Amino acid sequence: MAEPALGATARRATLKDVAHAAGVSQSTTSRAMSGEGYVAEAVRQRVLAAADELGYVPHAMARSLRKQVNRSIGVLVSDLRNTFYADLAAGIASRARSQGYTMMLVDDEGLPDVEQGAAEAFVATRAAGVIVTPLSAAVSTYLLKQNIPVVEVDRQFSAGRCDGVIIDNAEIAKRMTDHLVDLGHSRIALLIDETNWTTGGERLAGYRRSLRESGIAADPSLVVSAGWGVDDARQATVDMLARRDHPTAVFAANNVLAEGVWRAASDLGLRIPDDLSIVSFDDTQWMSMVTPGITAVSQDAVALGGTAMDRLLERIENPDADAVTVVLDSQIRPRGSTSGPRRL
């Protein structure tokens, strides 16, 4: 047989090609490939050998449609450059794979239009369910109307209407702020990216509750909106620390903002923790590699993802059960980035 011309696109092998190569009918080939129904073992091996030689790959979508079941799930996260979301996706993927599911992963970059487009694609491909770090209630509302099982993870906008897997952001933020107060700090800044989502809003609430219960008057100027990236957080911190009434401690609301704070302290020649105490919500690898290490809230993002996948599987199995919110624990990992405020 002549070789295809250079640059020509080779046709993908079909079930019909495998049947012809094995010398059996297409129905026998289908049974041999799927493992469903009787096929003599010698014939099965002949079919599998032909499929292997031709590089035949079964059409998973077509097979799912025939069986009225889809073994793929959609996953929507906000920013895969952030190790938290990458680890979250890894946890989902590992648990999905162990249960025979494949994962379609989309990074919506925090953009509602991208999030909605991905949700529509998941519906079009008949995903068995979707796990999402939602930007608002809109995406879950849309998917639920399409009868697609949904689990909101990390952030929650649809409690009571769909399942959720979260941590107690307010309580752990209060505990972290308490730690700084116990060291003697009263000028504590909260560097935050947003307060409209449950994550940011609850972390702000926990910070404020700690100050209130400690008898420290809240200073609105110490809650600083720092954008979404390291550079923005770095500049916001430099500006904040240039003030005469600058804070003696900074609580960064996520690991990206914490890197900006750490870099800003270096820019200004400040010693951590002698001149400035730093704590972070979200732990990441660099925080244990610098000296001193950064005290941080440690969320097990891989476990968060795995638990979200377990919740989705239970929802697929029991679609009419009441919505459940699972709250996972998180820990504060003390390192060397905090001490009492410097006395002038």
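All values below come from the heavy atoms of this structure, side chains included, with hydrogens, waters and symmetry mates left out. Remember, it's a predicted structure, so these values are computed and weren't measured experimentally.
- Shown here for Phe281 and Asn169, the closest heavy-atom pair between the two residues is CZ-OD1, 3.5 Å.
- In this structure, the side chains of Leu268 and Leu241 come closer than 4.5 Å at one or more pairs of heavy atoms.
- Linking ILVMFWY residues whenever their side-chain heavy atoms come closer than 4.5 Å, directly or via other members, places Met309 and Leu88 in the same cluster.
- Defined by atom type and a distance below 3.5 Å, a donor-acceptor pair is present between the side-chain atoms of Asp17 and Thr14.
- A salt bridge is absent between Arg263 and Asp267: the closest approach of a Lys/Arg side-chain nitrogen to an acidic carboxylate oxygen does not fall below 4.0 angstrom.
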For this session: Walk me through it: do Val47 and Val18 pass the test side chain to side chain contact (heavy atoms under 4.5 Å, CB included)?
Result: CA-CA 7 Å; Val47 168; Val18 177; 4.0 Å; yes
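- Although no hydrogens or angles enter the test, the distance criterion places no donor-acceptor pair under 3.5 Å between the side chain of Ser330 and the main chain of Ser298.
- Side-chain contact check for Ser78 versus Asp108: some heavy-atom pair is nearer than 4.5 Å.
- Taking 4.0 Å as the cut-off between side-chain N and carboxylate O, Arg161 and Glu152 do not count as a salt-bridged pair.
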Exercise. How far apart are the C-alpha atoms of Gln299 and Gln331, what are their side-chain angles, what is the distance that settles it, and do they pass the side chain to side chain contact (heavy atoms under 4.5 Å, CB included) test?
Worked result: CA-CA 7 Å; Gln299 299 184 74; Gln331 304 294 328; over 6 Å; no
For this session: Start with the C-alpha gap between Asp107 and Asp79, add the side-chain angles, then the distance that decides, and say whether side chain to side chain contact (heavy atoms under 4.5 Å, CB included) holds.
Result: CA-CA 6 Å; Asp107 180 348; Asp79 184 2; 4.3 Å; yes
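- Side-chain atoms of Arg203 come within 3.5 Å of backbone atoms of Ala253 as a donor-acceptor pair (strictly under, hydrogens ignored).
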For this session: Show your working on side chain to side chain contact (heavy atoms under 4.5 Å, CB included) between Leu135 and Arg155 and close with a plain yes or no.
Result: CA-CA 8 Å; Leu135 302 176; Arg155 301 189 285 266; 3.8 Å; yes
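- In this structure, a donor-acceptor pair under 3.5 Å is absent between the side chains of Thr177 and Arg208.
- Classification of the Trp262-Trp286 ring pair by plane angle, with boundaries at 30° and 60°, yields tilted.
- Checking Glu259 against Asn255 by side-chain atom types alone, no donor-acceptor pair falls below 3.5 Å.
- With contacts defined as side-chain heavy-atom distances shorter than 4.5 Å, the pair Val250/His185 does not qualify.
- Listed for the Tyr207 side chain is a donor-acceptor partner under 3.5 Å among the backbone atoms of Ile188.
- Between Thr338 and His179, the side chains place a donor N or O and an acceptor N or O closer than 3.5 Å (distance only, hydrogens not considered).
- Side-chain contact between Val123 and Leu143 is present, with heavy atoms from C-beta onward closer than 4.5 Å.
- Between Leu80 and Glu109, the closest side-chain pair of non-hydrogen atoms is not below 4.5 Å.
- You'll find the side chain of Leu76 stays beyond 4.5 Å of the side chain of Thr133, heavy atoms only.
- Both Phe84 and Ile192 are assigned to one and the same hydrophobic cluster, defined by single-linkage of ILVMFWY side chains at heavy-atom distances under 4.5 Å.
- Between Arg46 and Ala22, the closest heavy-atom pair is NE-O, 2.8 Å.
- Shortest non-hydrogen contact noted between Ala96 and Ile73 is CB-CD1, 4.4 Å.
- Shortest non-hydrogen contact noted between Thr295 and Gly336 is OG1-N, 4.4 Å.
- Side-chain N or O atoms of Ser30 include none that pairs as donor or acceptor with a backbone N or O of Gln26 at under 3.5 Å.
- The backbone N or O of Ala226 sits nowhere less than 3.5 Å from a side-chain atom of Asp232 that would complete a donor-acceptor pair.
- The shortest side-chain heavy-atom distance between Ser225 and Asp193 does not fall under the 4.5 Å cut-off.
- At distances below 3.5 Å, at least one donor-acceptor pair connects side-chain atoms of Ser98 with backbone N or O atoms of Arg95.
- In the hydrophobic clustering of ILVMFWY residues, with side-chain heavy atoms under 4.5 Å counting as a link, Leu222 and Leu276 come out apart.
- There is a side-chain donor-acceptor pair under 3.5 Å between Ser25 and Thr28.
- Under the 4.0 Å criterion applied to side-chain N and carboxylate O atoms, Asp245 and Arg187 are assigned as salt-bridge partners.
- Distance check: Ser277 OG to Ile272 CD1 gives 9.0 Å after rounding to the nearest 0.5 Å.
- Put simply, the side chain of Arg315 gets close to the backbone of Ala321: a donor and an acceptor are under 3.5 Å apart.
- Cation-pi geometry between Arg31 and Tyr38 is not met: the NZ or CZ atom fails to fall both under 6.0 Å from the ring centre and inside 45° of the normal.
- Remark: Glu41 engages Arg44 in a salt bridge, criterion side-chain N to carboxylate O under 4.0 Å.
- Of the inter-residue distances, the one linking Leu312 atom CG with Ile92 atom CD1 reads 9.0 Å to the nearest 0.5 angstrom.
- A donor-acceptor pair under 3.5 Å is formed between the side chain of Thr237 and the backbone N or O of Ala233.
- A distance of 6.5 Å separates OG in Ser337 from CD1 in Ile278, rounded to the nearest 0.5 Å.
- In terms of modelled atom types and a separation under 3.5 Å, the side chain of Ser280 and the main chain of Asp282 share a donor-acceptor contact.
- Look at Arg335 and Asp283 and you find a salt bridge, because one of the NZ, NE, NH1 or NH2 atoms lies within 4.0 Å of a carboxylate O, short of that distance.
- The line from CD of Glu314 to CD of Glu317 is 9.5 Å long, rounded to the nearest 0.5 Å.
- For the pair Ile316 and Tyr101, the minimum side-chain heavy-atom distance is below 4.5 Å.
- Using a distance-only test at 3.5 Å, with no hydrogens or angles considered, a donor-acceptor pair links the side chain of Asn254 to the main chain of Leu257.
- Cluster membership check: Leu204 shares its hydrophobic cluster with Val279, using side-chain heavy-atom separations under 4.5 Å among Ile, Leu, Val, Met, Phe, Trp and Tyr.
- For the pair Phe122 and Val75, the tightest heavy-atom approach, listed with the atom from each and the gap, is CZ-N, 3.7 Å.
- Gln285 and Thr83 share no donor-acceptor pair across their side chains, judged by distance under 3.5 Å alone.
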For this session: Please test Asp231 against Gln235 for side chain to side chain donor-acceptor pair (under 3.5 Å), starting from the C-alpha separation and ending with a verdict.
Result: CA-CA 6 Å; Asp231 290 341; Gln235 187 58 56; over 6 Å; no
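- Considering every non-hydrogen atom in both Pro134 and Val139, the closest pair reads CB-CG1, 4.0 Å.
- Atom CG of Asp329 sits about 7.0 Å away from atom CD1 of Ile172, to the nearest 0.5 Å.
- Tracing side-chain contacts under 4.5 Å through hydrophobic residues (I, L, V, M, F, W, Y), one never reaches Val150 starting from Val326; they form parts of separate clusters.
- Screening Asn82, Val302, Leu304 against Asp87 for a side chain to side chain contact (heavy atoms under 4.5 Å, CB included) leaves a single residue, Val302.
- Around atom CD of Glu53, no more than 12 heavy atoms belonging to other residues, nucleotides or ligands sit under 6.0 Å away.
- In this structure, Leu270 CG and His246 NE2 are separated by 8.0 Å, a value rounded to the nearest 0.5 Å.
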